[in-house]
**Q** 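What follows is a single structure, and I will ask about it in a moment.
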2 protein chains.
Amino acid sequence: MAITPAAGSPRSASVKDVAATAGVSLGTVSNVLNRPERVSRTTRERVERAMADLGFVRNESARSLRTGSTQSLAYVMLDAGNPFFTDVARGIELAAEAAGLSLFLCNSDGRSAREGAHLAHLQQQRVQGILITPVDPDDPQIDQLSERGTPVVIVDRTRAGSSFCSVAVDDVLGGRLAVEHLIDAGHKRVAYVGGPESIGQVRDRGEGARQAWTEAGLPPEDLITLSCEAPTVAAGRAAGERLVGLPARRRPTAAFCANDLIALGLLQQTISSGRTVPGDLAIVGYDDIEFAAAAAVPLTSVRQPRQDLGRRAAELLLDEVGDPAHQHEQVVFTPELVARASTLGRP
Amino acid sequence: MAITPAAGSPRSASVKDVAATAGVSLGTVSNVLNRPERVSRTTRERVERAMADLGFVRNESARSLRTGSTQSLAYVMLDAGNPFFTDVARGIELAAEAAGLSLFLCNSDGRSAREGAHLAHLQQQRVQGILITPVDPDDPQIDQLSERGTPVVIVDRTRAGSSFCSVAVDDVLGGRLAVEHLIDAGHKRVAYVGGPESIGQVRDRGEGARQAWTEAGLPPEDLITLSCEAPTVAAGRAAGERLVGLPARRRPTAAFCANDLIALGLLQQTISSGRTVPGDLAIVGYDDIEFAAAAAVPLTSVRQPRQDLGRRAAELLLDEVGDPAHQHEQVVFTPELVARASTLGRP
DNA sequence: AACCTCCGGTGAAACGATTTAGAATCTGGA
DNA sequence: TCCAGATTCTAAATCGTTTCACCGGAGGTT
């Protein structure tokens with residue numbers, strides 16, 4: 001039965017209260033909680049009974065104050081609305097669960113300020129470690145976290161001098177794969193649709209695109225860049241409208257999008273404005289999220305091992321937390337092009 | 001510059017250390033942190049300087065132990081991979097941010113055990129309040145949370161006797177809208193594709209479908225139920241295969257899916273197996289997630305005010321936390337059918 | 001009988017921040 | 001010189017849990 005304390009003071013029971021009702025000392029209650037094997041069965045049951053009767057809930061603040069550590073990890077994600085990141089999160093979760101830790105998801109939504117607020121709060125909470133897909137991987141706040149004792153693993157990005165573990169996919173290579181595929185299909189004018197430039201993934205994929213383009217000996221001005229405000233479906237639609245607005249002789253016959261959300265938006269706008277894919281415009285996306293294959297025209301996309309990315313990142317973090325001899329490691333996965341109708345089909 | 005403490009003891013600085021280096025008393029440091037207006041500018045700057053030099057990070061455990069409250073909310077979501085819930089989460093986040101609170105996202109992934117673990121942990125952390133889309137809204141653990149002083153708001157579900165605030169959308173009505181739409185289009189054999197039955201939304205939408213069906217005077221056995229293991233794209237594909245396996249005279253001409261993920265999977269399987277939508281099979285989804293409109297055939301779907309749902313839920317929670325005279329409230333939004341090509345187009 | 005070893009249990013001292021009462025110091029006017 | 005007001009100080013208590021040195025008794029060994 002639920003105990004309703006005198007109205008107005010619903011202060012929850014403490015170990016002291018439990019000790020009193022069970023008729024044992026405070027230390028014994030703590031032993032029941034933390035080293036039950038050291039307590040005789042009869043006493044243990046008496047204490048457990050008292051805890052149930054009083055509705056005792058261990059106070060994690062007090063516990064972690066005393067022990068100096070918590071049982072949680074956090075993943076600060078760049079965009080919780082992007083299925084790519086939720087798949088990464090799932091991989092992290094599996095590893096965290098296996099290690100008996102709780103995982104908190106925080107969404108920075110691409111905003112530095114929000115990311116900063118989350119990080120500060122997590123640091124104050126003394127989480128065991130933080131996984132982050134940063135808005136800007138060179139943000140000094142990330143160094144500061146690590147210097148002050150919170151292990152950090154960078155997800156889906158790498159850093160130059162790296163005093164961090166990181167897990168990433170080769171975005172430059174991904175960009176090359178996409179554009180080489182379009183060049184192979186005979187396209188001579190291609191748009192790279194991505195943005196904002198502040199996002200490293202966007203820059204790297206664009207860089208890969210340019211490399212492939214110039215190495216094929218094509219004139220640089222025929223690879224145009226369409227910058228969008230955010231890597232979202234809405235921004236993809238907007239980019240589609242700008243594309244239509246271009247004079248026909250400048251208009252690209254194919255678009256490589258920095259991610260699948262943009263690609264889906266662009267695809268949607270293209271079709272609903274009466275043009276065809278890939279006839280009027282071939283489209284390549286990036287991430288190969290589950291929805292890419294189910295799109296109006298199944299989307300050619302650059303696949304990343306999303307869940308493995310998360311799992312591996314969490315493993316690195318757990319190793320850093322647990323092993324004093326931990327060595328930082330930069331894992332780089334290789335992306336893979338998945339060709340579908342949006343670049344292959346008949347117009 | 002970063003302070004690297006003597007190797008092996010990276011214990012972070014406390015208010016006491018800050019006070020010592022700034023040459024002020026402990027109480028003054030506390031005032032700088034909590035009531036900066038009471039401290040003269042020069043002292044305040046001296047203290048802030050000391051904090052920066054020492055790399056002081058306030059210990060949230062100690063703070064919340066002493067004050068008895070934290071600065072965080074949590075949303076325990078049913079499926080972080082479903083864009084519907086991430087949109088709801090975004091609404092919650094906006095409200096939390098406006099109130100200066102941090103929001104932690106936890107994913108139960110449809111599993112009771114995982115949900116329970118998250119709830120227990122959040123309760124021990126003494127979060128200010130919990131928003132939850134529960135696996136089972138009648139789970140006694142939810143009552144227990146609330147009885148022991150953690151306010152809970154139920155999102156996207158309602159409960160009978162309700163001693164909780166809740167925000168939901170009328171799922172029975174949503175089911176009716178979907179099936180009435182199919183009946184209007186002349187369909188005489190319809191499948192309801194959803195699962196598992198343990199999810200209330202799935203049951204309610206199915207119930208609405210049945211109501212519309214029988215009220216139209218159609219024979220109950222012509223509304224068949226295809227139960228799937230989980231409300232996911234993969235399950236939708238699997239359902240598509242089972243549908244094909246039915247004898248032609250039993251095979252439905254339309255399907256109403258419990259959510260858009262299932263619908264997209266079903267759509268994808270239908271098209272890739274060479275049949276047409278809506279010619280061979282009309283499809284109605286539920287949630288109207290952003291990807292629904294961008295699907296192979298734009299998807300007719302039942303729209304819910306996702307973000308408003310989250311925002312309103314968070315507001316109710318904040319009211320419950322802040323206002324001692326708080327009255328529980330059950331908000332029910334009305335869904336709306338958005339008709340697109342998957343039920344309208346030419347075969 | 002004296003000694004040792006376990007086992008189960010005790011009680012006080014931390015952990016770090018906040019809060020409070022009451023006293024001390026400083027500033028600039030009257 | 002003295003006072004009012006602002007600012008800071010000292011010292012101590014408190015939040016709830018964990019930890020650790022210690023203790024009493026049961027049982028075995030010499």
Side-chain angles (χ1 to χ4, degrees), chain A residues 5 9-48 50-51 54-71 120-121 123-126 148-149, chain B residues 5 9-48 50-51 54-71 120-121 123-127 148-150:
Chain A
S9 72
R11 187 164 66 266
S12 61
S14 73
V15 277
K16 202 184 292 181
D17 302 322
V18 173
T21 44
V24 299
S25 82
L26 213 139
T28 300
V29 177
S30 178
N31 280 335
V32 170
L33 288 168
N34 302 297
R35 299 176 220 62
E37 73 284 359
R38 287 203 197 161
V39 182
S40 74
R41 205 166 62 88
T42 55
T43 342
R44 176 155 43 80
E45 279 166 1
R46 197 145 41 93
V47 172
E48 280 163 354
M51 297 202 284
L54 293 173
F56 171 75
V57 176
R58 189 208 229 127
N59 185 323
E60 175 66 21
S61 295
R63 178 188 138 86
S64 69
L65 170 59
R66 179 59 231 237
T67 65
S69 82
T70 61
Q71 299 301 309
H121 193 227
Q123 187 179 23
Q124 294 184 2
Q125 294 234 126
R126 303 289 194 273
R148 296 185 182 172
Chain B
S9 73
R11 187 164 63 268
S12 62
S14 73
V15 276
K16 202 183 293 182
D17 303 322
V18 173
T21 43
V24 298
S25 81
L26 211 137
T28 300
V29 177
S30 179
N31 279 334
V32 170
L33 287 168
N34 302 297
R35 298 175 220 66
E37 74 283 359
R38 285 203 199 164
V39 182
S40 75
R41 206 165 63 87
T42 55
T43 334
R44 177 156 43 80
E45 279 166 0
R46 196 145 41 94
V47 171
E48 280 163 354
M51 297 200 286
L54 293 172
F56 170 74
V57 176
R58 187 207 228 128
N59 186 321
E60 175 65 21
S61 296
R63 176 188 138 86
S64 70
L65 171 58
R66 177 60 230 243
T67 66
S69 81
T70 61
Q71 299 303 310
H121 193 228
Q123 186 179 23
Q124 294 184 3
Q125 296 233 125
R126 303 290 195 272
V127 292
R148 296 186 182 171
T150 306

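Computed from a predicted structure; not experimentally measured. Every chain is numbered from 1, with letters handed out A, B, ... down the list of sequences. All values below come from the heavy atoms of this structure, side chains included, with hydrogens, waters and symmetry mates left out.
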**Q** Pick the closest DNA chain C nucleotide for B:Asn31 and for B:Val57 by heavy atoms, then say which residue is nearer the 5' end.
**A** B:Val57

**Q** Whole-Å distance between C:dA21 P and B:Arg38 CZ?
**A** 11 Å

**Q** Have a look at A:Thr43 and say if it touches a base, only the backbone sugar-phosphate, or nothing, with a 4.0 Å heavy-atom cut-off.
**A** sugar-phosphate

**Q** Nearest-Å distance, CD (A:Glu60) to C1' (C:dC15)?
**A** 14 Å

**Q** Nearest-Å distance, CZ (B:Arg35) to P (D:dT7)?
**A** 14 Å

**Q** Specify the angle, to 10°, made by the local axes at the two ends of the helix from C:dA1-D:dT30 to C:dA30-D:dT1 when five pairs are taken at each end.
**A** 60°

**Q** Please confirm whether the backbone N or O of B:Leu26 pairs with a side-chain atom of B:Ser30, one donor and one acceptor, at under 3.5 Å?
**A** no

**Q** Do the side-chain N or O atoms of A:Arg63 get closer than 4.0 angstrom to the phosphate oxygens (OP1, OP2) of D:dT18?
**A** yes

**Q** If we only count heavy atoms from C-beta on, is the B:Asn34 to B:Arg63 side-chain gap below 4.5 Å?
**A** yes

**Q** Atom NZ of B:Lys16 and atom C1' of D:dC9: how far apart are they, to the nearest Å?
**A** 16 Å

**Q** Assign A:Val29 to base, sugar-phosphate, or nothing according to its heavy-atom contacts below 4.0 angstrom with the strands shown.
**A** nothing

**Q** Please tell me which of the listed nucleotides, C:dA17, C:dT18, D:dT10, lies nearest to the side chain of B:Ser30?
**A** C:dT18

**Q** Specify the residue among A:Leu26 and A:Thr42 whose closest nucleotide of DNA chain C lies further upstream toward the 5′ end.
**A** A:Thr42

**Q** Mind checking the CD-CG spacing from B:Gln123 to A:Asn59? Nearest 0.5 Å is all I need.
**A** 11.0 Å

**Q** Hey, does the side chain of A:Arg58 come within less than 4.0 Å of D:dT18's phosphate (OP1/OP2), counting only N and O?
**A** yes

**Q** Where the side chain of A:Ala62 is defined as all heavy atoms beyond and including C-beta, which of C:dT10, D:dG16, C:dA17 is the nearest nucleotide?
**A** D:dG16

**Q** Rounded off to whole Å, could you give me the CZ-to-C1' distance for the B:Phe56 and C:dG16 pair?
**A** 9 Å

**Q** On a plain distance test, is the side chain of B:Arg66 in donor-acceptor contact with the base of C:dT18 below 3.5 Å?
**A** yes

**Q** Ignoring backbone atoms, test whether A:Ser64 places a side-chain nitrogen or oxygen under 4.0 Å from the OP1 or OP2 oxygen of C:dC15.
**A** no

**Q** Between D:dG16, D:dT10, C:dA17, spot the one nearest the side chain of B:Ser25, thanks.
**A** D:dT10

**Q** Reckon A:Thr28 touches a base, only the sugar-phosphate, or nothing at all at heavy-atom distances under 4.0 Å?
**A** base

**Q** What's B:Ser14 touching, base or sugar-phosphate or nothing? Going by heavy atoms closer than 4.0 Å.
**A** sugar-phosphate

**Q** What is the distance, rounded to the nearest whole Å, between atom CG of A:Asn34 and atom P of D:dG16?
**A** 17 Å

**Q** Return yes if some donor-acceptor pair links the side-chain N/O of A:Arg44 with the main-chain N/O of A:Val32 below 3.5 Å, else return no.
**A** no

**Q** If you draw a 6.0 Å radius around CZ in A:Arg35, do more than 12 non-hydrogen atoms from other residues or ligands fall strictly inside?
**A** yes

**Q** Is there side-chain contact between B:Gln125 and A:Thr70, with heavy atoms separated by less than 4.5 Å?
**A** no

**Q** Hey, what do you get for OG (B:Ser64) to CG (A:Leu65), rounding to the nearest 0.5 Å?
**A** 9.0 Å

**Q** Should B:Val47 and B:Val39 count as side-chain neighbours, where that means a heavy-atom distance under 4.5 Å?
**A** no

**Q** In whole angstroms, how far is the C1' atom of D:dT14 from the CG atom of B:Leu65?
**A** 9 Å

**Q** Rounded off to whole Å, could you give me the CZ-to-P distance for the A:Arg46 and C:dG9 pair?
**A** 8 Å

